[in-house]
Amino acid sequence: MFPMKLSRFTRLNLFAAICLAFAGSAFAQDRGEGPLDPAPPKGVTAQEIIQKFAAREKEFEIARDNYTYRQSVKVQTLDGDTPDGEYQEVVDVLFDDKGRRVEQVVFAPQSSLQKVTMTQEDFQDIRRLMPFVLTTDEIPEYNITYAGQQREDELNTYVFDIQPKQIERKKRRFQGRVWVDDHDFQIVKTYGKAVPDAFETSGGENVFPKFTTYREQIDGKYWFPTYTLADDMLHFKNARDVHIREIVKYNNYKRFEAKSRIIYEGQELPPKPKD
């Protein structure tokens with residue numbers, strides 16, 4: 001079981017969540033969800049909900065690009081419940097002195113993975129699809145189906161199934177389910193996987209796990225991704241199956257404030273003293 005507490009006004013207990021994540025595959029049995037009610041929403045259409053949350057997601061995407069944060073990644077292969085290989089990386093996502101987005105590696109020990117290899121698509125998914133954002137720009141790329149309403153811990157949510165209209169080899173997309181808070185009209189949880197899997201004619205295979213990402217309201221306005229868990233069996237055509245676990249944490253969100261400088265005759269002037 002992996003019960004992430006979804007609350008509009010309280011922070012998630014990530015330490016407890018990590019401990020529970022390692023408790024086993026019962027994670028999918030009870031995630032603090034109430035029964036799914038397939039009845040149509042009242043006072044609003046499913047299409048109106050989609051338009052509302054897509055617009056809010058666009059606002060959030062722009063806002064998140066102005067935050068710094070730390071991203072911690074741990075990928076393990078398992079023999080039963082025992083890890084037998086591991087990849088780790090901790091990165092601070094920051095801005096340089098010119099206001100450009102940069103990544104600063106904080107911790108990156110030598111990988112001990114033997115059964116799988118991290119690919120470019122894996123890293124792309126960790127950075128872009130696991131913290132999935134579905135904005136008005138991406139809406140035309142997906143078939144979005146209303147599934148019902150569901151209680152998620154302390155939240156009432158609308159539930160939608162997401163399916164790419166086209167599966168393209170060089171375009172990574174999300175396929176799965178999203179939960180949208182009925183108050184803020186923003187995604188608070190996602191469950192699914194990145195597509196497509198790639199089976200090369202040369203015998204190489206690129207297969208990806210299903211994952212769940214939880215969000216938390218950080219600034220009193222937007223829901224930020226804070227925790228992703230993948231615990232899945234990768235099925236390969238030309239090799240044995242591999243049990244894999246991925247944990248991604250996003251924390252220490254801070255809004256970036258650009259520092260203005262005054263340059264006079266090639267010299268930076270000291271800031272004006274406060275009165």
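- Counting only heavy atoms from C-beta outward, the side chains of Phe236 and Val207 approach each other to under 4.5 Å.
- With rounding to the nearest 0.5 angstrom, the OG1 atom of Thr77 is 5.0 Å from the NZ atom of Lys115.
- Nearest approach of Tyr250 to Pro131, heavy atoms of both residues: OH-CD, 3.6 Å.
- Between Thr68 and Val93 there is no side-chain heavy-atom pair separated by less than 4.5 Å.
- By the neighbour-count criterion of 12 heavy atoms within 6.0 Å, atom CZ of Arg101 is densely surrounded, having more than that number from other residues, nucleotides or ligands.
- Looking at heavy atoms from C-beta onward, Val106 lies out of side-chain contact with Val91 at the 4.5 angstrom threshold.
- Of the possible polar contacts, one joining the Arg56 side chain to the Asp184 backbone as a donor-acceptor pair under 3.5 Å is found.
- For the residue pair Gln104/Asp92, the side-chain donor-acceptor check at 3.5 Å is not satisfied.
- Look at Glu246 and Lys74 and you find no salt bridge, because none of the NZ, NE, NH1 or NH2 atoms lies under 4.0 Å from a carboxylate O.
- Considering only heavy atoms from C-beta on, Arg173 stays 4.5 Å or farther from Gln175 through its side chain.
- Residues Val248 and Ser72 fail the side-chain proximity criterion, which asks for heavy atoms closer than 4.5 Å.
- Here the shortest heavy-atom pairing between Thr136 and Ala55 reads CG2-N, 3.8 Å.
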Mind running side-chain contact (heavy atoms from CB on, under 4.5 Å) on Met118 and Leu113 for me, showing each step along the way?
CA-CA 9 Å; Met118 297 288 289; Leu113 292 174; 3.9 Å; yes
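- Looking at Thr157, its side chain never comes within 3.5 Å of a backbone N or O of Glu152 through a donor-acceptor pair.
- Remark: Asp219 engages Tyr67, Lys221, Tyr222, Phe224 in a side chain to side chain contact (heavy atoms under 4.5 Å, CB included) (not counting sequence neighbours).
- You'll find the side chain of Val178 stays beyond 4.5 Å of the side chain of Val159, heavy atoms only.
- Taking 4.0 Å as the cut-off between side-chain N and carboxylate O, Glu33 and Lys189 count as a salt-bridged pair.
- Side-chain contact, Arg255 with Asn66: no donor N or O sits under 3.5 Å from an acceptor N or O.
- Between Thr119 and Asp122, the side chains place a donor N or O and an acceptor N or O closer than 3.5 Å (distance only, hydrogens not considered).
- Distance NZ/Lys171 to CD/Glu141: 5.0 Å, rounded to 0.5 Å.
- Within the 3.5 Å criterion, the main-chain N or O of Asn143 finds no donor-acceptor partner in the side chain of Gln163.
- Residues Phe95 and Gly99 share a closest heavy-atom pair of CD2-O, 3.4 Å.
- A salt bridge is defined here as a Lys NZ or Arg NE, NH1 or NH2 lying under 4.0 Å from an Asp or Glu carboxylate O, and Arg172 with Glu138 fails to meet this definition.
- His243 and Asp81 share no side-chain donor-acceptor pair at under 3.5 Å.
- Hydrophobic clustering (side-chain heavy atoms under 4.5 Å, transitive across Ile, Leu, Val, Met, Phe, Trp, Tyr) groups Ile139 together with Phe132.
- A side-chain contact (heavy atoms from CB on, under 4.5 Å) with Val133 holds for exactly one of Arg64, Glu61, Lys58; it is Glu61.
- Counting heavy atoms from C-beta on, the side chains of Gln186 and Glu57 come closer than 4.5 Å.
- Tested against Phe160, the residues Phe185, Phe53, Trp179, Phe174 include a single ring-ring contact (aromatic ring centres under 6.0 Å, His included) partner, Phe53.
- Taking every heavy atom of both residues into account, Tyr146 and Pro38 meet most closely at CE2-O, 4.1 Å.
- Crowding of Lys98 atom NZ: a count of heavy atoms from other residues, nucleotides or ligands under 6.0 Å not exceeding 12.
- The OH atom of Tyr87 sits 10.5 Å away from atom CD of Gln110, with the distance rounded to the nearest 0.5 Å.
- In this structure, Tyr253 is a member of the same hydrophobic cluster as Met130, with clusters built from ILVMFWY side-chain heavy atoms closer than 4.5 Å.
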When you look at Glu86 and Val75, which way does the side-chain contact (heavy atoms from CB on, under 4.5 Å) test go after all the steps?
CA-CA 6 Å; Glu86 183 174 275; Val75 179; over 6 Å; no
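- Placement of Tyr191 and Met233 in two distinct hydrophobic clusters is found when ILVMFWY residues are connected by side-chain heavy-atom separations under 4.5 Å, directly or transitively.
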Check the pair Arg127 / Gln71 against side-chain contact (heavy atoms from CB on, under 4.5 Å), numbers first and verdict last.
CA-CA 9 Å; Arg127 284 165 171 77; Gln71 177 179 280; 4.1 Å; yes
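- At distances below 3.5 Å, at least one donor-acceptor pair connects side-chain atoms of Glu205 with backbone N or O atoms of Asn238.
- Counting heavy atoms from C-beta on, the side chains of Arg70 and Val90 come closer than 4.5 Å.
- Here Ile247 contributes atom CD1 and Leu229 contributes atom CG; the two are 5.5 Å apart, rounded to the nearest 0.5 Å.
- Between the side chain of Lys249 and the main chain of Thr226, no donor-acceptor pair closer than 3.5 Å is present.
- Atom CG of residue Leu134 and atom CG of residue Asp137 lie 10.0 Å apart, to the nearest 0.5 angstrom.
- Separating the CG atom in Asp79 from the CG atom in Asp84 is a distance of 5.5 Å, to the nearest 0.5 Å.
- If you chain together hydrophobic residues whose side chains sit under 4.5 Å apart, Phe60 and Ile49 fall into the same group.
- In plain terms, the two heavy atoms of Gln149 and Pro41 that are nearest each other are NE2-CA, 3.5 Å.
- Closest approach of Phe211 to Leu129, counting heavy atoms only: CZ-O, 3.6 Å.
- Side-chain contact annotation: Glu216 with Trp223, donor-acceptor N/O pair under 3.5 Å absent.
- Every salt bridge (Lys or Arg N to Asp or Glu O under 4.0 Å) that Lys210 has, sequence neighbours left out, goes to Asp232.
- For Thr135 (side chain) and Ala54 (main-chain N/O), no donor-acceptor pair under 3.5 Å exists by modelled atom type.
- Cluster membership for Leu78 and Phe208, using ILVMFWY side-chain heavy atoms within less than 4.5 angstrom, is not shared.
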